[in-house]
Amino acid sequence: MLHIVCIVLLSAGICSAARAQDSYDALRLKAAITYKVARFVSWPEGSEKTEETPFVIYVLGDKQVQKAFSSLAGQKLGEREITLAYPQNLEHDNAADIIYVDKNFSMETTALVEKLQRQPILTISDRDDFFRHGGMINLLHKKQRISLAINLVAAQEAQLRISSKLNLLATEIIREKN
Amino acid sequence: MVKLTLPGNTGASTSIALFLTLLICLLCTSPARADELLDMSLEDLLNIEVTTASKGSVRLLESAAAVYVIDREDIQRSGANSIPELLKMVPGMHVIQLDSNRWAVSARGFNGEFANKLLVMIDGRSVYTPIFSGVYWDSLNLLLSEIDRIEVIRGPGAALWGANAVNGVINIITRPVTDTLGTEITSWVGTEERAGLTLTQSKSLDGRNDLRLNFKTQARDASYYAGSAAEDDMKMATFGLRWDHDNASWSGTTTASLYRERSGSHFNQIIFDDDYFEQYSDETDSAGGHFLTGWKHSFDRNSQLSLQLYYDYSQRKQAIYETEVHTVDADIQYTQHLVSGQKLSIGLNLRRYFDDLTAIEYTSIDPQSRDYGLYSLYLQDEIPFGESLKLILGSRFEYNDLSGWEVQPNIRLAWYAHDDLTLWGAISRAARTPSRMDIDGQILVKVYEPGHTINPSPFPALYYFNGADDFDSEEVISYELGLRHLATANLSLDIALFYNDYDKLRTGTEPSGELVSIDGIPTYILSSGYAINTVEGETWGVEAALSWQATDDLKLIASYSYMDMDFRFNGELEEFLNSLYSRHQASLQSRYDISNSIQFDTWLTYTGAIEAQDQDAIWDLSLRLGWQPSEDWHIELIGQNLLHDHKKQLDSEVISLVSTEIERSALIRASYRF
């Protein structure tokens, strides 16, 4: 699925060319923010995950996005070591702790993120319509900076606890279902 | 004029010693670490300014041309202090320094001070002069801090960019104001780059308008000539502004600049005793400015209209002539994305030059003043076929007052074999329209001593090249193949092959001699050839670039190019004028982050021998040590041309213009941002 989407995007090079492509530095910054945000989130107890289990981040984006995130590999969150994956298919797989969706990624995948609702997976994206698809953390460009928006409703539904310290840094928080 | 030159050896040992001392100190400090962003707090991360690359820029991996992009990192870490220096990292570019300020730059051969097959643009404004179809590189005095990127496209780009994009196009793109908000002051002192100061002030006026003001002044020291300091020192000042506007329906960029530059150069006066040359130093005095405004409107997601208008003025007085050129240019472009996935573009460009030329030494120009135009229409369609093929068909139909119509089509095919592998091929035709000198000028190119194989007479022969009214455009048909591969997230490879078939290249007619007497004494032979389009031949080559992020702290960037040519030249002069190129060229850069705040960069270059001038191959080395004591400060120590005390790199193809020897140099550069 992902593969086909990539090819379509590439062959219709016009799509990607017409879209605003983030600078590599902006992508690196988003990767670092993703890493930092994770520190303010608690995943539900009781799963089989231990200190030895890697902390898995799925990165859905092109090579440049993947490269920007590559610096996270091997970093630690608590005692768990971060592993990155760039999956071809999400449908039968929920091994991830975080899924990051780049804004130039396809709609179909965003629909998959909708499917993931209620699973304890933190979803992060820089798409501006991410909350409408049930996303949890939205990174938006505002005043030449990246601002943080949090959808607490979606996070709570997925049994993720977000620290109030993170809320203090957010420019927008959704606390109630529309 | 400033005239302070350190003797080569002292300068060298001082700068190297300084380097080693600093390097040793720095190596003792903190060890390597991972991405510095990960060490910052979330709060700090949310306060970092970010930028988005400009819209419409085609991602490198996907483009179906031999493109190399010099980005901010390349600009910052190369240690370069001028634009031509940066171009040395691009495979297939021939970049040679003639004296402190003059450069010979070309793509895929045909280099020379008056190289004429390369189009250079700054934000869509052409900066090649119609006088000789080349570029005064010393007048490209942008601040390095205002350049976002330099896109170098080797091969014909005429369909898209217009006349003179025969062997390449260089697009210099300046940064949006929002990328540079705040104030930046940069200053440097050095042995060759004697002193400089740049000031940039960028401000967001309201949500929709952003304004940047730039100022730069610099002094460059003289190089080395005939055993002592040359007289080619330089002083310049430039002022620029950029205003970005963005509202719901239009976005616009307006730029303007003014500059003034005075530099020295060496000039050969022809005399008729002993060795026929007498040296004197001359002053080049140039000034200019521009105003450009460009606006874009998106009707909906799928269609966009761009309008651009500019005026450019340049004036230059040098030993051979004085030129004054006014350029007015209007450009309109419309792009439509079709449901079928096609992207159609149509554009119209109107340009008019108004010039006034005064011949000074060993030149003549008639008529002195002329105005002439260049009008073109271009069409391009990008057609996706299936899932992984894209065909690009385009052509420019151009009319110019000096040689009439030119049709410059190109066909390109890209195959996205995999999401990290692109193969592409292109066939294109481009034309180099006649310059003013090609039609109306006369210039002394060479002096042949008595008894020379070409001049068996007992008198010296002065060979003058003369323009001709019926001189036509030079043509090339170029065949290219390329591969781009992102092997891993850390390793990318770019290879391009080309075969260029040239026709109607410029040369002179069989010279006709005439014995000229001075005071009744027969003194020299005036040998005159007239411009004709009879040279033809082929060039071919391969260019490769490799970028490898070896570890978190070490990045290696290598490039290599090979080219050769097959021409049946009619005589030594014809060969000399068309054969200034190096068969092999290479560049290797290493960028090492010693710690969070300290960078150590090296850049080794190899320029192969230039046989037409018996010029030996040149190895050279630049070193850069960067230190960022705090977020606001950036301090660099840079050494350039470190492998030679002083060395001549190339002679000009015009006998009266003298090249000097480029010296080893060091400079300290500091920037402060707030």
Side-chain angles (χ1 to χ4, degrees), chain A residues 2-40 62-75 84 86 139 141-148 165-166 168-171, chain B residues 34-59 61-64 71-73 148 178-179 181 204 207 298 301-302 304 335 337 341-343 382 384-390 392 414 416 418-420 422 486 488-490 492 549 552:
Chain A
L2 187 55
H3 192 66
I4 292 170
V5 168
C6 278
I7 289 171
V8 171
L9 276 177
L10 282 167
S11 54
I14 38 184
C15 303
S16 43
R19 275 184 209 165
Q21 178 74 27
D22 271 345
S23 68
Y24 180 63
D25 283 344
L27 294 171
R28 273 177 65 225
L29 186 55
K30 287 173 190 174
I33 290 172
T34 298
Y35 171 64
K36 294 290 173 178
V37 163
R39 296 179 162 198
F40 293 94
D62 64 15
K63 287 280 172 185
Q64 203 184 16
V65 178
Q66 294 176 12
K67 187 182 167 198
F69 273 76
S70 61
S71 63
L72 300 189
Q75 296 288 328
L84 297 173
Y86 316 114
L139 309 179
H141 288 252
K142 279 185 186 162
K143 294 176 184 163
Q144 288 86 51
R145 286 176 174 74
I146 290 174
S147 75
L148 190 66
K165 284 183 198 153
L166 189 64
L168 287 176
L169 296 173
T171 50
Chain B
D35 191 336
E36 71 269 23
L37 289 174
L38 300 182
D39 298 336
M40 295 169 66
S41 72
L42 182 55
E43 203 164 356
D44 288 343
L45 291 173
L46 295 172
N47 269 319
I48 290 181
E49 283 184 17
V50 290
T51 61
T52 46
S54 67
K55 297 180 183 79
S57 63
V58 178
R59 301 219 359 252
L61 182 67
E62 295 167 23
S63 62
D71 61 14
R72 288 294 310 157
E73 182 190 304
D148 186 65
T178 48
D179 280 17
L181 292 177
S204 197
S298 294
R301 282 177 66 92
N302 296 319
Q304 193 184 55
T335 304
H337 294 266
Q342 293 184 46
K343 180 186 174 187
E382 293 185 24
F385 279 99
E387 293 177 338
S388 57
L389 277 181
K390 184 165 76 178
I392 303 170
Y416 306 112
H418 195 260
D419 60 358
D420 51 18
T422 301
L486 202 58
T488 70
N490 297 326
S492 70
Q549 185 78 47
D552 281 348

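The structure displayed is predicted, hence computed values, not measured ones. A note on names: the letters A, B, ... follow the listed sequences, proteins ahead of strands, and every chain is numbered from 1.
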*Asks:* Is the number of heavy atoms from other residues, nucleotides or ligands under 6.0 Å of Glu43(B) CD greater than 12?
*Replies:* no

*Asks:* Counting only non-hydrogen atoms closer than 4.5 Å, does Leu166(A) touch chain B with its backbone (N, CA, C, O), its side chain (CB onward), both, or neither?
*Replies:*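 Interface part for Leu166(A): side chain.
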
*Asks:* Drop me the distance from Leu45(B)'s CG to Leu148(A)'s CG, to the nearest 0.5 angstrom.
*Replies:*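 The distance works out to 11.0 Å.
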
*Asks:* Could you grab the distance from atom CD1 of Ile33(A) to atom CG of Leu38(B), nearest 0.5 Å is fine?
*Replies:* 11.0 Å

